[in-house]
Every structure is written in C-alpha cells, then in structure tokens.
Amino acid sequence: MGSSLKDFVNDFQGSYGDWTDAPGFDWKSEKSLFAFWFGVNDIAINHFKAEHGEEYVRAPLQEIFESYMMSLNTLYDAGARNFLILTCPPFDRSIIDISDPWYAQRHLNTIADISAFNSRIYDMLYSFRANHTDAHASVFDAHRLFASVLDHPVDFPAMDGVHNTTGVCREADAEDQPGPLDVVYEQNICRNGELIRSYAWTGLHATYPVHNATAAQIVLDCFDGEGTGEFCT
C-alpha cells in the first residue's frame with residue numbers, strides 16, 4: 001500500500017526536522033501548512049484481504065490513530081503549527097456492482113468503516129487542539145464535499161467535462177500508458193475508449209477533476225473566507 005504517514009514524518013524529520021537550521025530549506029512555522037489525507041488504504045486493505053480468502057476484520061482504529069497522533073506530535077515538536085486533516089472520502093461509491101451478495105456486504109462494511117474512521121479524525125482533532133493551544137488545526141470534510149461533487153457536478157467548475165460520476169474508468173494495462181501522468185490523463189485510456197478525465201473514479205481513487213474541486217473548496221472554506229465554511233471545522 002506504499003509508505004505510511006509515520007514513514008513520511010520520519011523522512012521529514014531526517015531532512016528538515018531541525019526547523020531552526022534546516023540546510024537549504026529555511027521553513028517558518030507560521031508560514032508552513034502540514035496537510036494530511038489518509039483513510040482509504042487503512043480501510044481498504046482488510047477488504048482486499050477478505051477478497052482473497054482471509055477473514056474480514058475491521059481496521060484497528062485505536063492503534064491507527066495512536067500512531068497518527070504520535071506523528072502530529074512529532075511534527076509539532078519540530079515546529080509545525082498549522083495543520084489540516086481531510087476526512088476519508090466516500091470511496092464506497094466506487095463499488096458499483098452490489099448485485100452479488102458478497103460485494104453488497106462489502107459495500108455496507110465500507111460505509112460503516114468510513115464513518116467510524118472519520119469520527120476518529122474529529123476526536124483526534126479536538127484532542128490535539130486541547131493539548132496544543134498555540135497550534136491551528138482544522139478538518140476539511142472531504143467526505144461531504146465528495147458527496148456534493150458527485151451528486152451535483154455542475155455546481156463545481158473543476159468538474160466540467162466529467163459526465164460519469166457513478167461508473168468507474170477501468171484503465172488500460174500499465175504498458176498502454178506511456179508518458180507523464182498529465183499526458184496519460186489526456187489519452188483515451190479507459191478500456192471503453194473514453195477519456196479518464198470524463199470519469200470521477202478509477203477504482204478506489206477519484207480522478208483529478210474531483211481533486212481539483214476539493215482543492216478549490218479547501219481554499220474557499222479554510223483559507224480565503226469567501227466560502228460558506230461548511231466543509232471546514
């Protein structure tokens with residue numbers, strides 16, 4: 001599933017952790033934002049294991065969030081003071097074939113797991129704020145934003161050209177996708193010949209128009225003050 005948050009924080013510590021004397025990168029606490037988006041892999045890995053014959057068990061949220069809180073504290077101790085955490089998106093909506101009972105149950109389990117995970121994010125936020133009163137920490141509700149984007153794509157300029165928010169672009173094999181990612185996205189790489197950027201999903205992960213819509217809303221609600229603020233806590 002790739003590197004963990006702990007790995008990334010350790011890498012940061014190794015390169016820039018001494019914020020008073022980081023060679024070649026003189027970062028300042030008041031001007032630096034530390035943003036985090038996790039959850040999909042934490043939840044999905046147990047579903048993948050169940051799909052391959054292992055017994056399904058829910059993600060060990062207590063253990064996961066103890067590790068996440070340690071990472072936040074590590075960054076705080078290194079000088080970080082501005083934190084933004086995004087909730088886990090509703091990737092259950094990428095499970096499109098629920099006619100099979102096994103996938104129908106997986107769909108229900110995923111919904112429950114995402115809800116429990118996101119509740120933990122808010123618990124972690126409130127605890128972190130209480131213990132670090134000089135820090136600015138917020139949660140952006142990507143779960144609710146994704147739902148709005150998928151249900152009403154015409155309301156979001158970044159979704160222009162996206163016509164399929166319920167299906168999944170099944171990508172061609174990797175050898176059929178030469179070149180940088182931005183070039184790949186512009187090619188007809190879905191197996192049905194359509195552009196990947198006309199879809200909202202490529203499996204568990206959303207396509208870049210959805211991410212662009214998310215980024216635009218973060219700026220409006222969390223930083224510019226021009227949005228409604230409904231997605232940023």
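Keep in mind that this is a model prediction, so the values were computed, not measured.
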Output the distance between atom OG (S67) and atom CD (Q62), rounded to the nearest 0.5 Å.
12.0 Å

Report the C-alpha distance between L72 and F34 in whole Å, list the side-chain angles of each, state the deciding distance to 0.1 Å, and finish with yes or no for side chain to side chain contact (heavy atoms under 4.5 Å, CB included).
CA-CA 9 Å; L72 293 183; F34 292 78; over 6 Å; no

Shared hydrophobic cluster for Y122 and L84 (ILVMFWY, side-chain gaps under 4.5 Å):
yes

For the backbone of M124 and the side chain of S127, can you confirm whether one donor and one acceptor N or O come within less than 3.5 Å of each other?
no

Test your reading of the model: is there a side-chain donor-acceptor pair from D92 to the backbone of I111, 3.5 Å cut-off?
no

Residue pair I114 / P90: nearest heavy atoms and the distance that separates them
CD1-CA, 4.2 Å

Non-hydrogen atoms of A135 and Y76 that approach each other most closely:
CB-CE1, 4.2 Å

Mind checking whether L75 and L33 sit in one hydrophobic cluster, side chains of I, L, V, M, F, W, Y counted as touching below 4.5 Å?
yes

Report the distance from atom CG of L86 to atom OG1 of T214, rounding to the nearest 0.5 Å.
7.5 Å

Side chain S94, main chain G203, donor-acceptor under 3.5 Å
yes

Note: T233 and L125 closest approach over all heavy atoms is O-CD2, 4.2 Å

Main-chain N/O of S29 paired to S32 side chain as donor or acceptor, under 3.5 Å:
no

I'd like to know if R197 pairs up with D160 as an ion pair, taking the criterion as any Lys NZ or Arg NE/NH1/NH2 lying under 4.0 Å from an Asp or Glu carboxylate oxygen.
no

Could I get the full list of side-chain contact (heavy atoms from CB on, under 4.5 Å) partners for N212, not counting sequence neighbours?
A158, Y208

Partner residues of N164 under the side-chain contact (heavy atoms from CB on, under 4.5 Å) criterion, sequence neighbours left out
T166, Y199

Whether the side chain of N82 engages the backbone of K31 through a donor-acceptor N/O pair (distance < 3.5 Å, no angle test) should be reported.
no

Are F36 and M70 grouped together when hydrophobic residues (ILVMFWY) are joined by side-chain heavy atoms under 4.5 angstrom apart?
no

Minimum heavy-atom distance C88-N118, with the two atoms named:
N-OD1, 2.7 Å

Run the side-chain donor-acceptor check on residues 137-149: report pairs under 3.5 Å with partners two or more places apart or on a different chain.
| unit_1 | atom_1 | unit_2 | atom_2 | d |
| --- | --- | --- | --- | --- |
| D141 | OD1 | T87 | OG1 | 3.1 |
| D141 | OD1 | H143 | N | 3.3 |
| D141 | OD1 | R144 | N | 3.1 |
| D141 | OD2 | R144 | NE | 3.4 |
| R144 | NH1 | E230 | OE1 | 3.3 |
| R144 | NH2 | E230 | O | 2.4 |
| S148 | OG | R144 | O | 3.3 |

According to side-chain contact (heavy atoms from CB on, under 4.5 Å), who are the partners of S119, at least two apart in sequence or on a separate chain?
none

Should V162 and S198 be marked as a side chain to side chain contact (heavy atoms under 4.5 Å, CB included) after you check the CA-CA gap, both sets of side-chain angles, and the distance that decides it?
CA-CA 4 Å; V162 177; S198 66; 5.9 Å; no

Going by the rule side-chain hydrogen bond (donor to acceptor under 3.5 Å, both in side chains), which residues pair with H136 if we only count those two or more places apart in sequence or in a different chain?
none

Roughly how far, to the nearest 0.5 Å, is OH of Y126 from CG of N131?
15.0 Å

Heavy-atom distance under 4.5 Å between the side chains of F156 and P209, does that happen here?
no

Which residues share a side-chain contact (heavy atoms from CB on, under 4.5 Å) with E63, sequence neighbours left out:
P60

If I compare all heavy atoms of T202 with all of T207, which pair ends up nearest, and what's the gap?
CG2-CG2, 3.5 Å

Please name all residues satisfying ring-ring contact (aromatic ring centres under 6.0 Å, His included) with F128, sequence neighbours left out, ordered by chain then number.
F83, H132

Quick one: pull up CG in D113 and CD1 in I43 and give me the separation to the nearest 0.5 Å.
5.5 Å

Check against side chain to side chain contact (heavy atoms under 4.5 Å, CB included), N73 and M69:
CA-CA 6 Å; N73 286 329; M69 182 64 90; 3.7 Å; yes

Salt bridge (charged side-chain N to carboxylate O under 4.0 Å, His left out) contacts touching residues 129-140 (sequence neighbours left out):
R81-D134

For residues R93 and W201, report the shortest heavy-atom separation together with the two atoms involved.
O-NE1, 4.0 Å

Residues forming a ring-ring contact (aromatic ring centres under 6.0 Å, His included) with F38, sequence neighbours excluded:
Y68

